[in-house]
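What follows is one structure encoded as structure tokens, with my remarks underneath.
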Amino acid sequence: MSNSDPKARQRPGPWPPAPESSAMPPSSWAKRTGFRPKFSGETNASDSGQIVATPQTPPPPPPQPQPQPQPASQPKPREPETQPQPQAQPDLEAGRTRAAVNGVSDNKDHTVKKRRDSDGPPAKGSGQNGQAQSGPTDHARRPTSRSQEVVDVLPNDDDGFVGRPTHMKYELRDSPGLVPIGLYGFQHYISILGSLILIPLVIVPAMGGTYEDTSNVVSTVLFVSGVTTLLHTTFGSRLPLIQGPSFVYLAPALAIINSPEFQGLNGNKFKHIMKELQGAVIIGSAFQAILGYSGLMSVLVRLINPVVVSPTIAAVGLSFYSYGFPLVGSCLEIGAVQILLVIIFSLYLRKISVFGHRIFLIYAVPLGLAITWATAFLLTEAGVYSYKGCDANVPASNIISDHCRQHLSRMKHCRVDTSQALKSSPWFRFPYPLQWGTPVFHWKMALVMCVVSIIASVDSVGSYHASSLLVASRPPTPGVLSRGIGLEGLSSVLAGLWGTGTGSTTLTENIHTIAVTKMGSRRAVELGACVLIVLSLIGKVGGFLASIPEVMVAALLCFMWAMLTALGLSNLRYSEAGSSRNIIIVGLSLFFSLSIPAYFQQYGISPNSNMSVPSYFQPYIVASHGPFRSNYGGVNYILNTLLSFHMVIAFLVAVILDNTVPGSRQERGVYVWSEPDAARREPAVTKDYELPFRVGRVFRWVKWVGL
């Protein structure tokens, strides 16, 4: 008989047999949140933010007779020597079973080494869309530790997408020592440097600012980013997320800069427009703070799901296609080479490790910038871009020679010695509030920023959820989420007072950096923020960063915006990405986010019209020629401007369709946040998100902004 082989025969189970466990215990989070494990029938579920319970098919009745008692000569099955593990419960984050929070895997008081030693072996196989395969004998599986539960936003080992153990080096509350924290914090900020400094390099020249103005704004951005990051990690969501000038604010800033009332300004144009931006940012940020601290964000978050977040963030990156390569083409041998270098480092050389660190993957952007900048410097010094009798600093209108006119573009964009930012910047400068003057408030620009602050909050919701799966024990509660959004509003108010030109919010690139560096320590981010504040006081640092040539800035932005688009679409892994419902919603959102703004941006423009702004800024002058032309100029400005933003259209289409088209919670991938009562009973969750210095006890009565 086939069952006579003792190796092939299944071991008898415990006696008396335990009752058959249901797919979801009554005490699980899925039971309390009303989640029902029903597949749509048209696709496989991907790794969503909630429990993925495979319906258990009862095995057919065994054809063989009852198992006979084992002879005395055969050894009895060895009982496990370890203490019984806590009952495994469905994992809300990764769709796998996890041990109880108070078990060994969630004991955060253990050292990092002990936590990694307790990790089980990685899964041997995974199903479609990152789902772990499970068989009928899967009930005795060892509970996975927390470092294996988290799901990476990008491929963990660059071979699979989700469902692989991440093995974070340092998690949220880990503090291995000053030297490792300092090194990892420096690494974290260097890898995200492009997101911090590129926006000032775009908006300040557009406002008519000088090299010195650009240097001062870059230093101010570094200072405000350090301060707001410390505030967020201490009194906000407490997740290791760097705060900075988000690309969400770039399009509205360019729209305000190119408003019709600012086209005729000559003297002090930079300070005048900056004060207008400050007023709009302050009002919009105050609205965001009210949205968070009033608890309204806890209500609004019910409408925000992965199918809404994905096209909204992707539209932010896709909206700047008219700015990227047109500027790179002004000096193709420099800009295109830089793009190729970043691609080679981040893709082809991503698995090369130096001292245990994937240097090329982590530092792809700064390495590509450094090599290209050094090459352009050598070409400039060698006289490749020097032409006899021509000067790049002479305005084009004053150049008489046709020979110089022909090479003016190459001299202006390929040379690296045209910027005077480093020479004109002082050695020491302290950024102070209202340094550009008293902010100017206009209600039409303020309302535009209020709508943009909602989009920034949607971006932050996706970042909170994804980062918590990587570094924390559980996702935050709706109260913690509201608290983080409220503090982001206050941080943007500080950015408006100091005059950075944009609001300060969670950078989406944080998730990629955490996933690649495996560093999720809150202390490392805080130490890096302190270093950032010190660097902002050295004026030459800002001058050095402001002297990056324009073509290199455009090349870096091409990569950063592409990454932002990919990070936005990666949120679809929390839903059933193959569902026809979700495919249609995301497709419509992305298409209309490109098509409807194109209609507004091209309306009323004749093909032969002579624009006073560069071609890459023409999409942001829609307020002067949009289709809305009522008797109320302010209403025309608001509607024409808002409906020309790609991210606004994507958000409106996605949020309406996702919340009106029927679909199960599993199919939609509804974000499931921690229950406040359950979070208070779990020490790990409390330590992750509670406010320090006993501040939480003072505001314990405010239920909607805390645990």
Side-chain angles (χ1 to χ4, degrees), residues 224 227-229 231-239 241 243-246 248-249 252-253 256 276-304 308-309 312 433 439-465 476-500 502-506 634 638 641-642 645 647-648 651-652 655 671 673 676 689 691 695-696 698-707:
V224 173
V227 172
T228 55
T229 299
L231 289 175
H232 189 81
T233 56
T234 306
F235 302 106
S237 70
R238 308 218 66 199
L239 292 168
L241 300 174
Q243 307 294 298
S246 173
V248 173
Y249 287 94
I256 293 176
E276 297 277 354
L277 279 176
Q278 286 182 263
V281 168
I282 290 174
I283 297 299
S285 304
F287 171 77
Q288 185 181 15
I290 295 173
L291 190 68
Y293 285 123
S294 66
L296 293 176
M297 195 63 203
S298 300
V299 179
L300 181 62
V301 77
R302 300 174 185 174
L303 306 177
I304 302 174
V308 178
V309 174
T312 303
V440 178
F441 301 94
H442 282 97
W443 68 273
K444 59 181 183 180
M445 299 178 184
L447 287 179
V448 170
M449 279 297 180
C450 288
V451 176
V452 172
S453 67
I454 298 178
I455 306 297
S457 301
V458 173
D459 184 8
S460 298
V461 167
S463 299
Y464 290 174
H465 187 267
T477 63
V480 173
L481 185 144
S482 296
R483 188 178 71 199
I485 297 299
L487 189 65
E488 284 190 13
L490 294 181
S491 299
S492 295
V493 171
L494 295 179
L497 292 174
W498 259 261
T500 62
T502 62
S504 180
T505 185
T506 298
I638 294 172
T641 302
L642 286 178
F645 292 159
M647 56 187 177
V648 173
F651 172 73
L652 292 177
V655 76
Y671 287 137
W673 308 97
Y689 299 112
L691 294 176
V695 177
V698 179
F699 298 98
R700 184 173 294 177
W701 57 275
V702 189
K703 300 295 184 182
W704 52 85
V705 292
L707 292 176

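Quantities reported herein were computed from a predicted structural model and do not represent experimental measurements.
- What you find for Ala280 and Ile256 is that their closest heavy atoms are CB-CD1, 4.1 Å.
- Here the straight-line distance linking atom CD1 of Ile304 with atom OG of Ser460 works out to 10.0 Å at 0.5 Å rounding.
- Side-chain contact between Val448 and Phe645 is present, with heavy atoms from C-beta onward closer than 4.5 Å.
- Side-chain contact between Met647 and Asp459 is absent, with no heavy atoms from C-beta onward closer than 4.5 Å.
- Scanning all heavy atoms of the two residues, the minimum distance from Thr229 to Leu241 falls at CG2-O, 3.9 Å.
- Of all non-hydrogen atoms in Thr233 and Leu239, the two that sit nearest each other are CG2-O, 3.6 Å.
- Expressed to the nearest 0.5 Å, how far OG1 of Thr641 lies from CG of Leu447 amounts to 11.0 Å.
- Separating the CG atom in Leu494 from the CD1 atom in Ile282 is a distance of 9.5 Å, to the nearest 0.5 Å.
- Side-chain contact, Glu488 with Ser457: no donor N or O sits under 3.5 Å from an acceptor N or O.
- To the nearest 0.5 Å, atoms SG (Cys450) and CG (Leu642) are separated by 10.0 Å.
- Looking at Gln288 and Ser491, their side chains never come closer than 4.5 Å, going by heavy atoms from C-beta outward.
- How far OG of Ser482 is from CG of Leu296: 8.5 Å, rounded to the nearest 0.5 Å.
- Nearest heavy-atom pair, Pro439 versus Gln278, reported as atom, atom and distance to 0.1 Å: CB-CB, 3.9 Å.
- Residues passing the side-chain contact (heavy atoms from CB on, under 4.5 Å) test with Val281 are Ser285, Met449, sequence neighbours excluded.
- Ser246 contributes no side-chain N or O that, together with a main-chain N or O of Tyr249, makes up a donor-acceptor pair within less than 3.5 Å.
- For the atom pair OH (Tyr689) and OG1 (Thr477), the distance works out to 8.5 Å, reported to the nearest 0.5 Å.
- Defined by atom type and a distance below 3.5 Å, a donor-acceptor pair is present between the side-chain atoms of Thr506 and Gln243.
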For this session: Would you please test Thr312 and Ile455 for side chain to side chain contact (heavy atoms under 4.5 Å, CB included) and show each step?
Result: CA-CA 8 Å; Thr312 303; Ile455 306 297; 3.8 Å; yes
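- The shortest distance between side-chain heavy atoms of Val480 and Arg238 does not fall below 4.5 Å.
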Problem set entry | Phe651/Val451 under side chain to side chain contact (heavy atoms under 4.5 Å, CB included): CA gap, chis, key distance, verdict | CA-CA 11 Å; Phe651 172 73; Val451 176; over 6 Å; no
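- In terms of heavy atoms, Pro478 sits closest to Ser298 at O-OG, 3.5 Å.
- Residues satisfying the ring pair (Phe, Tyr, Trp, His ring centres under 6.0 Å) test with Tyr464, not counting sequence neighbours, are His232.
- At least one side-chain heavy atom of Leu490 sits less than 4.5 Å from a side-chain heavy atom of Leu487.
- Side-chain contact between Val440 and Met445 is absent, with no heavy-atom pair separated by less than 4.5 Å.
- In this structure the side chain of Phe287 reaches within 4.5 angstrom of the side chain of Ile454, judged on heavy atoms.
- The aromatic rings of Tyr671 and His465 sit tilted, their planes meeting at an angle between 30° and 60°.
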